[in-house]
Number of protein chains: 2
Amino acid sequence: MTGVAEMGDVVDAIVGQWAKERPDVVEDFWPVELLARVQRLARVVDKSVKTTAAAHGIEHGEFDVLTILQRSGPPYMLPAGALLKASMVTSGAITNRIDRMEAKGLVERVREGADRRTVKIRLTEHGHEVIRVALADHLAAYAELLAGVDRRLVEQTAEGLRQVLESLGDTA
Amino acid sequence: MTGVAEMGDVVDAIVGQWAKERPDVVEDFWPVELLARVQRLARVVDKSVKTTAAAHGIEHGEFDVLTILQRSGPPYMLPAGALLKASMVTSGAITNRIDRMEAKGLVERVREGADRRTVKIRLTEHGHEVIRVALADHLAAYAELLAGVDRRLVEQTAEGLRQVLESLGDTA
DNA sequence: CTTGATAATCTCAACGTTGAAATAAAAGCA
DNA sequence: TGCTTTTATTTCAACGTTGAGATTATCAAG
């Protein structure tokens, strides 16, 4: 034990508190070691996305929609329902996002399919331009978040989370 | 390659889409492998906490405050500012939470210190009872989330996230 | 066709959070 | 003491999401 790698993060402190306060169920706290860290890191990541989005005049949720459309490839157009499934929010949120984004000229509603219930959402030229630039900033910010960690560890940890997500049915 | 462990989760599909659509910057997507999974898993965890909290008549944020107070140990009382730091939300949110929780009889505001600016928040008997029962459900739900994954992998993954959090200064 | 059920989107009030400004008390300093 | 700065909490309007219900269109029988 050289002590070099023995710092401890906030979750260590939290689990330590629980061990003192609830020694009776200390054996049941092992999931907290992973899931509490997931939650804390997610807040940091959320903040990063929010900052990047704000720098380009859009909201977090709007950035989300832009990336979904961009990565869907040509013709950069998806039914509202597809955005709903891809974004993990409720239908009301999607409608509101599209309303705001349409007002900003980022996307446009297209109603021309055979099924007149569906509304397709298409990226405009302006939307393309915004996400093109914002994505570069986004990836840079992401890289910055992990700059202090060994890349191999990042990969291993990502792999661990993938197995958790797969076991939860988060599959394509 | 037997194919047994080659399922792929949603993030695999997302990164695959990006690789096709933006092959020019495909090398910059490696942080997404970790951080996108952190975000997706965090949503699942959030939903679990929300469900557990709702089953006991409280909100997600109120559950958060109860756990902070409980694990702080006797006398189960902290200044509002301590809740603020521990909860990763803004000051307005803490005031609102305490207002609601006081109305429900879960906590009480105590103004009796030397510094009359500070307000201490103390767990009531009722609050104690609620978090005592809710915590058991919470831990059971957490264990359920990880039931399909090898425990050793959970530990390794948690360790990886700890190093990330430490590098980001998320220390006690 | 007509009816009933299913599907896709939108509406809207309620809710919790944000973020900046306000309030009030304590600490530092002349 | 008097004055300024700092600290702790509260206030409040704006914001985005939720979640249930309404709307409109399609599909499946009969």
Side-chain angles (χ1 to χ4, degrees), chain A residues 39 42-44 46-51 53-55 57-66 68-69 77-104 106-122, chain B residues 39 42-44 46-51 53-55 57-66 68-69 77-104 106-122:
Chain A
Q39 287 193 294
R43 302 244 181 163
V44 176
D46 276 345
K47 191 165 286 184
S48 168
V49 176
K50 189 172 184 179
T51 301
I58 58 178
E59 301 296 324
H60 189 166
E62 299 174 16
F63 180 85
D64 197 31
V65 171
L66 289 181
I68 293 169
L69 288 173
M77 177 166 62
L78 290 174
L83 294 180
L84 181 55
K85 267 176 267 176
S87 64
M88 297 181 107
V89 294
T90 60
S91 61
I94 288 296
T95 298
N96 289 338
R97 286 180 184 182
I98 297 170
D99 285 348
R100 292 194 303 269
M101 295 176 75
E102 202 170 24
K104 289 180 184 173
L106 295 167
V107 301
E108 52 190 356
R109 283 182 164 90
V110 178
R111 302 188 126 103
E112 56 185 24
D115 188 336
R116 278 177 301 183
R117 290 171 304 180
T118 67
V119 182
K120 283 175 180 156
I121 313 302
R122 180 166 55 202
Chain B
Q39 287 193 295
R43 302 244 181 163
V44 177
D46 276 345
K47 189 164 288 186
S48 169
V49 176
K50 188 173 186 180
T51 301
I58 58 178
E59 301 296 324
H60 189 166
E62 300 175 15
F63 180 85
D64 197 31
V65 170
L66 288 180
I68 293 169
L69 288 172
M77 177 166 62
L78 290 174
L83 294 180
L84 180 56
K85 267 177 269 178
S87 65
M88 297 180 106
V89 294
T90 60
S91 61
I94 289 296
T95 297
N96 288 338
R97 287 179 183 181
I98 297 169
D99 284 348
R100 293 194 301 268
M101 295 174 76
E102 202 169 25
K104 289 180 185 174
L106 295 166
V107 300
E108 55 191 353
R109 283 184 165 89
V110 178
R111 301 189 126 103
E112 55 184 24
D115 187 335
R116 277 177 301 182
R117 290 171 302 180
T118 65
V119 183
K120 282 175 181 157
I121 313 302
R122 179 164 56 201

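Per chain, numbering begins at 1; letters A, B, ... match sequence-line order. All values below come from the heavy atoms of this structure, side chains included, with hydrogens, waters and symmetry mates left out.
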Closest-nucleotide ordering on DNA chain C, the 5'-leading residue of Ala93(A) and Lys50(A): Ala93(A)

Test side chain to side chain donor-acceptor pair (under 3.5 Å) applied to Arg116(A) - qualifying residues, sequence neighbours left out: none

Covered region of DNA chain D, 5' end to 3' end, by chain B [heavy atoms, under 4.0 Å]: dT7(D) to dG19(D)

Terminal helix-axis angle for the helix from dC1(C)-dG30(D) to dA30(C)-dT1(D), with five pairs defining each axis and rounding to 10 degrees: 10°

Approximate separation, where rounding is to 0.5 Å, of Ile94(B) CD1 and Met101(B) CE: 9.5 Å

By side chain to side chain donor-acceptor pair (under 3.5 Å) - contacts of Lys50(B) (at least two apart): none

Listed partners of Thr118(A) passing side-chain contact (heavy atoms from CB on, under 4.5 Å), at least two apart: Asp115(A)

Side chain to side chain contact (heavy atoms under 4.5 Å, CB included) evaluation trace for Asn96(B) with Ile98(B): CA-CA 5 Å; Asn96(B) 288 338; Ile98(B) 297 169; over 6 Å; no

Contacts of Gln39(B) that satisfy side chain to side chain donor-acceptor pair (under 3.5 Å) - sequence neighbours left out: Asp46(A), Tyr142(A)

N or O in side chain of Arg116(B) less than 4.0 angstrom from dA26(C) OP1/OP2: yes

Sequence-distant partners of Arg122(B), side-chain contact (heavy atoms from CB on, under 4.5 Å), two or more places apart: Met77(B), Glu108(B), Val110(B)

Under 4.0 Å protein heavy-atom contacts per nucleotide of nucleotides 4-9 of chain C, with B for base, S for backbone only and - for none: ---BSS

Spacing of Ile94(B) atom CD1 relative to dG19(C) atom P, expressed in whole Å: 14 Å

Partner set under salt bridge (Lys or Arg N to Asp or Glu O under 4.0 Å) for Lys47(B), not counting sequence neighbours: none

Arg43(B): side chain to side chain donor-acceptor pair (under 3.5 Å) partners, not counting sequence neighbours: none

side-chain contact (heavy atoms from CB on, under 4.5 Å) partners of Ile68(A), counting only residues at least two apart: Asp64(A), Arg71(A), Leu78(A), Leu83(A), Ala86(A), Ser87(A)

